[in-house]
S.K.: 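The structure that follows is given in the form of structure tokens.
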Amino acid sequence: MPMLSASENPVAPAEAIAEEDQSKSSSLDIQEPELQKRKGMTFVSSISQDEPEVTRRELWAYYLYYNGDNGVGPNGYSLTLFQLWATAAGYDPAQGPGSSCSASSGCVLPWGHGVKAVTSVVLVANGVSFAVMTLIFTTIGSAADYGSFGRWLLLVITCICWGAQFASVSLTSPSRWGAAMALYMIGFISYGATLVFYAAVFPRLARNTPHSRALRARYEASEIDREVYEAEESLEKNRISNISTAHSNIGYIVTLCLNLGLLLPLVDNPKANNYVIVLTNGYWVLTGIWWFIFQQPRPGPSLPKGEHYLTIGWKQIWAALKQYKKLPYTFVYIFAFFLLADGLNTTGTLVTICQNDKFSFSFLQNTYLGLAQAITSTASTFGFWYIQRYWKISTKKMFVVTNVVTILIPLWGMIGIWTDTIGYHNVWEFWFYNVIFGVFQAPYYAFSQTMMAELTPPGFDNMFFGLFGLSNRASSMIGPNVIQVIINNSGNNWMGFPFLFALCFTASLVIWFGVDVKKGRRDAVAWAKDIRDSQESNEEDNQNTT
């Protein structure tokens, strides 16, 4: 049978690479495709042989969605508003109900049959939110690989997030701190889900850009060898990932500048904060809607007979976890990133809580700090991409650089346990934190996504990015719950940093020394080919039986 052209078969080079490695692969035995069928595997590749080529309009719509989905509202202002009203409704535990909260004695709220520190309440909200994300990703994450379910899923969760943000206009008094908590959680959960299912689209786009297809054509024609093909394809993935991340930060800047147009003239208006959240969300609606209009259809296969969208995700995740011996580096990375994301996400929440306390929950001050982070994030994303492209540096090496700063952020906070001189106690430190976070952590998100794309079996994007999302977003159901217990018992926000430093340091070591991206990518390609072979064999058997 003659080889299909690049436009007819988007996975041809991947299969060629898998066949080339088949005789010498030590981590994957793919000698008997029927083995997968006998084990009752439910894996079905979502790669279609007639996937449309990515158009310029579609790619820009993809970037613009992330431009609006920048987190300023659900991940920033909503948290500040929630903490503001919770603190206003709380009281000084030393003086009892009816008193005002003080910096020396802390601030508590009625909670169950007792009381709980406001900081702990905020961390509980985060922990529960991440637990719900876990349920979402495990239940319907893999189902997004079938039919057009993934396309509609992103639309629905986006609309839920938009609705929660617009509803925040009603949060105007301390008595509504419970509603503020609920809307924050709904918005934060749906926002986290949009990031995961948006990122799951990325591998399909990256393998269907004109440049990726041209590379495949040259590889099939033996004009370039495998090493060159893999390196150039990786750079193409990094290009899209970095540009989309840069757009998120550009949207961050634009949104904050628009918000200043409200905050400065309405500085004394008690509803100014609510108007800012509405404006922020309106910007996302205007930039995000185009993706749902211009996204080209790339549906996956039909849902297998006898399966259901609410159960197949659990089956596939369980089956996928049993493949850890065949995809060792993919799963080592997912596990390590679980710890790293837990440490970094919880560190960010804890620093934000300290920052809100320091600046008295000022939306205006948080907007200025956010601008410092957004501007440096945008510049660093393009800067890191230029450095990587110019010197042809691998994704992992670039990611390692960002990991070092990930470790230093909680370490700096840990110093604040023993001294008030440094350790997130001073105004200048929060400016410094936002600048450093912008310089190094924006590229962190881009490179971590690209590493996952390189370690993901082609055609199983939503399933493995669902696991990645479990690591990136849902992992943090552990950190906030541990930290809130520590803070609630100690009465000191800074006592949470040692645990977070240990998490980040351990995870970084595993990634640095335990993940071989090159071998992991080839294992993933070979594994995907094995599943496709099994799928084709099953179809042939069914036809012969018929």
Side-chain angles (χ1 to χ4, degrees), residues 71 75 79 119-120 122-134 137 188 192 195-196 324 329-355 396 399-418 422-424 429 433 436-437 440-449 451-452 455 467-490 492-515:
N75 198 34
L79 175 60
T119 298
S120 294
V122 173
L123 289 169
V124 165
N126 268 40
V128 173
S129 297
F130 285 122
V132 175
M133 288 185 210
T134 301
F137 300 150
F188 188 56
L195 295 182
V196 171
Y324 71 94
Y329 298 111
T330 301
F331 282 96
V332 167
Y333 177 64
I334 289 174
F335 170 73
F337 196 75
F338 180 96
L339 299 178
L340 185 65
D342 194 0
L344 180 61
N345 291 340
T346 309
T347 298
T349 301
L350 187 54
V351 173
T352 299
I353 290 172
C354 296
Q355 178 177 298
K396 181 181 176 180
F399 190 42
V400 165
V401 173
T402 68
N403 291 163
V404 173
V405 178
T406 302
I407 296 170
L408 294 178
I409 290 174
L411 177 62
W412 188 271
M414 191 168 68
I415 297 173
I417 296 174
W418 302 288
I422 59 172
Y424 306 123
E429 289 180 283
Y433 161 77
I436 292 298
F437 193 94
F440 291 96
Q441 296 311 298
Y444 156 92
Y445 289 110
F447 294 128
S448 65
Q449 176 178 276
M451 274 190 66
M452 188 62 221
L455 295 169
L467 290 174
F468 182 60
L470 202 63
S471 297
N472 186 21
R473 308 302 302 178
S475 64
S476 295
M477 65 180 176
I478 298 174
N481 287 309
V482 173
I483 298 304
Q484 69 90 11
V485 172
I486 294 174
I487 292 174
N488 206 52
N489 291 335
S490 66
N492 186 340
N493 290 350
W494 283 260
M495 292 302 294
F497 285 114
F499 175 76
L500 299 173
F501 168 73
L503 269 183
C504 294
F505 183 70
T506 302
S508 295
L509 288 180
V510 174
I511 291 173
W512 298 349
F513 301 107
V515 179

S.K.: Roughly how far, to the nearest 0.5 Å, is the CG atom of Asn345 from the CZ atom of Phe130?
M.R.: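 CG of Asn345 is found 5.0 Å from CZ of Phe130.
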
S.K.: Any side-chain heavy-atom pair from Leu350 and Thr347 closer than 4.5 angstrom?
M.R.: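 No; the side chains remain at least 4.5 Å from each other.
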
S.K.: Supply the atom-to-atom distance Leu500 CG to Ile486 CD1, rounded to the nearest 0.5 angstrom.
M.R.: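 Separation between the atoms: 8.0 Å.
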
S.K.: Measuring from atom CG of Asn481 to atom OG of Ser120, what distance do you get when rounded to the nearest 0.5 angstrom?
M.R.: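 If we round to the nearest 0.5 Å, Asn481:CG and Ser120:OG are 10.5 Å apart.
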
S.K.: Are any of the side-chain heavy atoms of Leu340 and Tyr444 separated by less than 4.5 Å?
M.R.: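 They are in side-chain contact.
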
S.K.: For the residue pair Met451 and Lys396, what are the closest heavy atoms and their distance?
M.R.: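 Between these two residues, the closest heavy atoms are SD-CA, 4.0 Å.
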
S.K.: On a heavy-atom basis, which atom in Gly479 and which in Asp342 lie closest, and how many Å separate them?
M.R.: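 So the minimum-distance heavy-atom pair works out to N-OD1, 3.0 Å.
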
S.K.: Check side chain to side chain donor-acceptor pair (under 3.5 Å) between Thr349 and all other residues, then give those that pass, not counting sequence neighbours.
M.R.: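 Checked Thr349 against side chain to side chain donor-acceptor pair (under 3.5 Å); matches are Asn126.
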
S.K.: Tyr329 and Gly514: which non-hydrogen atoms are nearest, and at how many Å?
M.R.: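 Closest approach of Tyr329 to Gly514: CD2-O, 3.6 Å.
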
S.K.: With a 4.5 Å cut-off on side-chain heavy atoms, are Val510 and Leu339 touching?
M.R.: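 SC-SC contact between Leu339 and Val510 ruled out.
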
S.K.: Determine all donor-acceptor pairs shorter than 3.5 Å in which one atom belongs to a side chain in residues 400-417; sequence neighbours excluded.
M.R.:
unit_1: Thr402; atom_1: OG1; unit_2: Phe399; atom_2: O; d: 2.6
unit_1: Asn403; atom_1: OD1; unit_2: Trp512; atom_2: NE1; d: 3.1
unit_1: Asn403; atom_1: ND2; unit_2: Phe399; atom_2: O; d: 3.3
unit_1: Thr406; atom_1: OG1; unit_2: Thr402; atom_2: O; d: 3.0
unit_1: Thr406; atom_1: OG1; unit_2: Gln441; atom_2: OE1; d: 3.2
unit_1: Thr406; atom_1: OG1; unit_2: Gln441; atom_2: NE2; d: 3.4
unit_1: Trp412; atom_1: NE1; unit_2: Glu429; atom_2: OE2; d: 2.7

S.K.: Would you check if Val515 and Leu455 make a side-chain contact, meaning some heavy-atom pair closer than 4.5 Å?
M.R.: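 Answer yes - side chains close enough.
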
S.K.: Donor-acceptor check, side chain of Asn488 to backbone of Gln484, threshold 3.5 angstrom: yes or no?
M.R.: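 Here the side-chain-to-backbone pair does not exist.
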
S.K.: Of all residues at least two apart in sequence or in a different chain, which pass the side-chain contact (heavy atoms from CB on, under 4.5 Å) check with Val485?
M.R.: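 Scan of Val485 (side-chain contact (heavy atoms from CB on, under 4.5 Å), adjacent residues dropped) gives Asn489.
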
S.K.: Between Ala507 and Ala336, which heavy-atom pair has the shortest distance, and what is it?
M.R.: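 The answer is CB-O, 3.3 Å.
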
S.K.: Looking at residues at least two apart in the chain, or sitting in another chain, which of them share a ring pair (Phe, Tyr, Trp, His ring centres under 6.0 Å) with Tyr333?
M.R.: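 With sequence neighbours excluded, Tyr333 shows a ring pair (Phe, Tyr, Trp, His ring centres under 6.0 Å) to Phe337, given in chain and number order.
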
S.K.: Could you tell me if the side chain of Met133 sits less than 4.5 Å from the side chain of Phe188, heavy atoms only?
M.R.: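 With C-beta onward as the side chain, the pair touches.
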
S.K.: Calculate, to the nearest 0.5 Å, the distance between atoms CD1 and OG1 belonging to Ile353 and Thr119 respectively.
M.R.: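 Going from the CD1 atom of Ile353 to the OG1 atom of Thr119 covers 5.0 Å.
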
S.K.: With rounding to the nearest 0.5 angstrom, report the CG to OG distance, Leu503 to Ser508.
M.R.: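 With rounding to 0.5 Å, CG (Leu503) is 10.5 Å from OG (Ser508).
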
S.K.: Name all residues meeting the ring pair (Phe, Tyr, Trp, His ring centres under 6.0 Å) criterion together with Phe437; count only those two or more places apart in sequence or in a different chain, and write none if there are none.
M.R.: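 If we apply the ring pair (Phe, Tyr, Trp, His ring centres under 6.0 Å) test to Phe437, skipping adjacent residues, the hits are Tyr433.
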
S.K.: Can you list everything that forms a side-chain contact (heavy atoms from CB on, under 4.5 Å) with Ala125? Sequence neighbours excluded, please.
M.R.: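 Applying side-chain contact (heavy atoms from CB on, under 4.5 Å) to Ala125 gives Phe82, Met181, Tyr184, Met185.
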
S.K.: Check the surroundings of atom CZ in Phe505: do more than 12 heavy atoms from other residues, nucleotides or ligands lie under 6.0 Å from it?
M.R.: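 No, CZ of Phe505 has 12 or fewer neighbouring heavy atoms, counting only those of other groups under 6.0 Å.
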
S.K.: Considering all heavy atoms of both residues, which atom of Leu123 and which atom of Ile483 are nearest to each other, and what is their separation?
M.R.: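 Closest heavy-atom pair between Leu123 and Ile483: CD1-CG2, 3.7 Å.
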
